[in-house]
Amino acid sequence: MADDVIISRNKSRELIFKCMYSFLILEECNVSIDFKGLIEMVTDENYDDVDYFIKKNLLECLKHQKEIIDYIEPFLNKWTFKRLNYVIQAILITSVADYFYCQEGNKNIIIDCAIKLAKRYADDTKDYKYVNGILDNALKNDGK
C-alpha cells in the first residue's frame, strides 16, 4: 500500500473477496475483465500501490477457479456450485485458493475470515454455517 499504509490480512482477504465477487458478476454478464482496473476500483488504490498479497491471492483465485470449483462441489451436499449465490461462491473460491495456493494458508484463520465475510455480506443469516461446514470439510482433505 502507498506511504507505509499497512492493512490487516483480514482486510486484505475482504478486498480479495470483493474483487472475486466482481469478477464472478462480470463473468456471468460476459463482460471483459480488466484485472488491474478492477483491483484499483475495489481497493481505491493505484495498482502499483496495492499490497502484493492481494494481487497474488486474487491471481491464484482466477488462475485456479475451475479446479477450485470442481474441488468444492463434492462438499456441497446435493447442490451445484452455480446454484450458490455469488457472495458464497466468492467466499469459497477465495478461501480455498488462500489455503491451497498461498503460502500463508492457515485453516482456522481462513475459515474464521470466511465466516465473518458470510455474516457481513450474505443474504441469509445462516449462510455462515453453510460456509463453515463446507470449508471445514474441504480444507481438511489435503493432509495439511
Side-chain angles (χ1 to χ4, degrees), residues 1-2 5-47 49-142 144:
M1 307 295 294
V5 174
I6 298 173
I7 61 174
S8 71
R9 283 294 187 240
N10 279 347
K11 182 63 178 172
S12 293
R13 286 181 174 105
E14 182 178 5
L15 291 170
I16 295 164
F17 152 75
K18 287 180 176 181
C19 288
M20 190 67 221
Y21 175 81
S22 298
F23 278 114
L24 289 170
I25 298 294
L26 293 171
E27 184 178 68
E28 180 65 26
C29 296
N30 292 318
V31 174
S32 63
I33 299 169
D34 174 13
F35 183 80
K36 289 181 180 180
L38 186 72
I39 291 174
E40 288 178 339
M41 182 187 72
V42 170
T43 63
D44 199 28
E45 293 281 339
N46 182 305
Y47 181 79
D49 296 331
V50 174
D51 185 18
Y52 176 75
F53 178 83
I54 294 171
K55 293 186 276 192
K56 179 187 181 299
N57 282 24
L58 186 56
L59 190 58
E60 294 297 339
C61 289
L62 298 172
K63 183 177 164 184
H64 299 286
Q65 181 178 348
K66 170 135 177 47
E67 62 194 78
I68 290 169
I69 292 168
D70 291 344
Y71 177 78
I72 292 170
E73 280 208 302
F75 301 100
L76 298 182
N77 299 326
K78 300 179 184 176
W79 279 68
T80 62
F81 190 81
K82 286 292 183 189
R83 283 186 64 200
L84 302 174
N85 69 50
Y86 292 118
V87 169
I88 301 305
Q89 288 182 21
I91 291 170
L92 293 174
I93 290 170
T94 57
S95 299
V96 172
D98 192 0
Y99 186 72
F100 286 113
Y101 303 108
C102 303
Q103 302 302 323
E104 301 176 33
N106 175 297
K107 177 183 174 176
N108 294 331
I109 292 170
I110 291 169
I111 292 175
D112 183 57
C113 185
I115 289 169
K116 288 177 184 174
L117 290 171
K119 284 180 177 179
R120 184 168 183 189
Y121 293 102
D123 293 333
D124 189 333
T125 57
K126 296 179 184 176
D127 279 346
Y128 78 92
K129 292 178 183 179
Y130 185 69
V131 167
N132 183 28
I134 292 168
L135 291 176
D136 189 48
N137 290 319
L139 301 186
K140 70 180 175 188
N141 280 347
D142 77 323
K144 275 190 178 183

message: Using modelled atom types and a 3.5 Å cut-off, is there a donor and acceptor pairing between side-chain atoms of Tyr101 and backbone atoms of Leu59?
response: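 Side chain of Tyr101 to backbone of Leu59, a donor-acceptor pair under 3.5 Å: no, none is there.
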query: For the residue pair Tyr121 and Tyr21, is the inter-centroid distance of their aromatic rings smaller than 6.0 Å?
result: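 Tyr121 vs Tyr21: aromatic centres not under 6.0 Å.
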query: Any side-chain heavy-atom pair from Val87 and Ile91 closer than 4.5 angstrom?
result: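 They are in contact (side-chain heavy atoms under 4.5 Å apart), so the answer is yes.
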field: Spacing of Leu62 atom CG and Met20 atom CE [to the nearest 0.5 Å]
entry: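 Separation between the atoms: 5.0 Å.
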message: Quick check: closest heavy atoms across Asp70 and Pro74, and the distance to 0.1 Å?
response: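 Where Asp70 meets Pro74 most closely, the heavy atoms are O-CD, 3.3 Å.
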- request: Evaluate the ring planes of Phe100 and Tyr71, with Trp represented by its six-membered ring, and classify them as parallel (under 30°), tilted (30 to 60°) or perpendicular (over 60°).
  value: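 Phe100 vs Tyr71 ring planes: perpendicular.
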Full working for salt bridge (charged side-chain N to carboxylate O under 4.0 Å, His left out) between Asp136 and Lys107: CA-CA 8 Å; Asp136 189 48; Lys107 177 183 174 176; 3.2 Å; yes
query: How many angstroms lie between atom CG of Asp44 and atom CG of Asp49, to the nearest 0.5 angstrom?
result: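 It is 11.5 Å, given to the nearest 0.5 Å.
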message: Checking the side chain of Lys55 only, and the main-chain atoms of Tyr47 only, is there a donor and an acceptor separated by less than 3.5 Å?
response: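 Answer holds: yes.
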task: Applying side chain to side chain contact (heavy atoms under 4.5 Å, CB included), run through Asn85 and Asp127 and close with a yes or a no.
output: CA-CA 10 Å; Asn85 69 50; Asp127 279 346; 3.9 Å; yes
message: Under 3.5 Å, is there a donor on one side chain and an acceptor on the other for Tyr86 and Glu27?
response: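 The criterion, which ignores hydrogens and geometry beyond distance, is not satisfied for Glu27 and Tyr86.
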query: So how far is it from Ile93 CD1 to Ile16 CD1, rounded to the nearest 0.5 Å?
result: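 Between atom CD1 of Ile93 and atom CD1 of Ile16 there are 13.0 Å.
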Phe81 backbone acceptor or donor facing Glu73 side chain under 3.5 Å: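 Yes; at least one donor-acceptor contact below 3.5 Å.
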message: For a 4.5 angstrom cut-off between non-hydrogen side-chain atoms, does Glu40 reach Val50?
response: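 Glu40 does not reach Val50 side chain to side chain.
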message: Can you give me the closest heavy-atom contact between Ala118 and Tyr128, atom names plus distance?
response: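 Here Ala118 and Tyr128 meet closest at CB-CA, 3.6 Å.
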Gln89 (side chain) donor-acceptor with Leu84 (main chain) under 3.5 angstrom: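 Confirmed, Gln89 side chain pairs with Leu84 backbone.
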task: Hey, could you give me the NZ/CG distance between Lys11 and Asp51, rounded to the nearest 0.5 Å?
output: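 Going from NZ on Lys11 over to CG on Asp51, the span is 13.0 Å.
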query: Can Arg120 and Glu14 be said to form a salt bridge (charged side-chain N to carboxylate O under 4.0 Å, His left out), step by step?
result: CA-CA 10 Å; Arg120 184 168 183 189; Glu14 182 178 5; 2.8 Å; yes
message: Just verifying a value: how many Å separate Leu58 CG and Phe53 CZ, rounded to the nearest 0.5 Å?
response: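 Rounded to the nearest 0.5 Å, the CG-CZ separation comes to 11.0 Å.
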field: side chain to side chain donor-acceptor pair (under 3.5 Å) partner of Arg13, chosen from Asp98, Asn57, Thr94
entry: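 Checked Asp98, Asn57, Thr94 against Arg13; only one passes side chain to side chain donor-acceptor pair (under 3.5 Å): Asp98.
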task: Quick one: pull up CD1 in Ile109 and OH in Tyr99 and give me the separation to the nearest 0.5 Å.
output: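 With rounding to 0.5 Å, CD1 (Ile109) is 12.0 Å from OH (Tyr99).
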field: Stepwise side chain to side chain contact (heavy atoms under 4.5 Å, CB included) test for Lys119 and Thr125
entry: CA-CA 6 Å; Lys119 284 180 177 179; Thr125 57; over 6 Å; no
- request: State, with a plain yes or no, whether a side-chain heavy atom of Ile39 is found less than 4.5 Å away from one of Leu15.
  value: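 Result no, sub-4.5 Å side-chain heavy-atom pair not found.
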task: Determine the minimum heavy-atom distance between Ile68 and Cys61, stating which atoms define it.
output: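 So the two residues come closest at CD1-O, 4.3 Å.
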